[in-house]
Q: 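Please read through the structure below; I'll follow up with questions.
Side-chain atoms are counted along with the backbone in the values below, which use heavy atoms only and exclude waters and symmetry mates.
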Amino acid sequence: MSEFEGRSLEELAGLVAGADPRALMARGQALLGLAEALNETGAVIAGRIDRVAWEGQAADAFREWGADIPQAVQGSG
């Protein structure tokens, strides 16, 4: 359940009454750009983790952890 469920239409309208649509759009675009950059970075990191010249139990744990990076980054987007 979100914090907005159960609120009246008047309460919801009051939350956005003073909003600047242009500023909201600009911030939204900035957040979309950030999400794209994070996804690209996660993919690069994941691709490089597999190429690390390291062996042993710690290396396996590192690679397992690194495999989750793209999903973790996408979960933030």
Q: Taking ring-ring contact (aromatic ring centres under 6.0 Å, His included) as the cut-off, I'd like each qualifying pair that reaches into residues 10-47, sequence neighbours left out, listed once.
A: none
Q: Distance-only check: which donor-acceptor pairs under 3.5 Å involve side-chain atoms of residues 61-68, not counting sequence neighbours?
A:
unit_1	atom_1	unit_2	atom_2	d
R63	NH1	W54	O	3.2
R63	NH2	V52	O	2.6
R63	NH2	W54	O	2.7

Q: Kindly indicate, with the supporting measurements, whether the criterion side-chain contact (heavy atoms from CB on, under 4.5 Å) is fulfilled by I49 and I69.
A: CA-CA 10 Å; I49 284 176; I69 289 176; 3.9 Å; yes
Q: Could you list all the ring-ring contact (aromatic ring centres under 6.0 Å, His included) pairs where at least one residue sits in residues 13-53, not counting sequence neighbours?
A: none
Q: To the nearest 0.5 Å, how far apart are CD in E36 and CG in L31?
A: 13.0 Å
Q: Are any side-chain N or O atoms of Q29 and backbone N or O atoms of A26, one a donor and one an acceptor, separated by less than 3.5 Å?
A: no
Q: State, yes or no, whether a side-chain contact exists between L15 and L12 at a heavy-atom distance under 4.5 Å.
A: yes
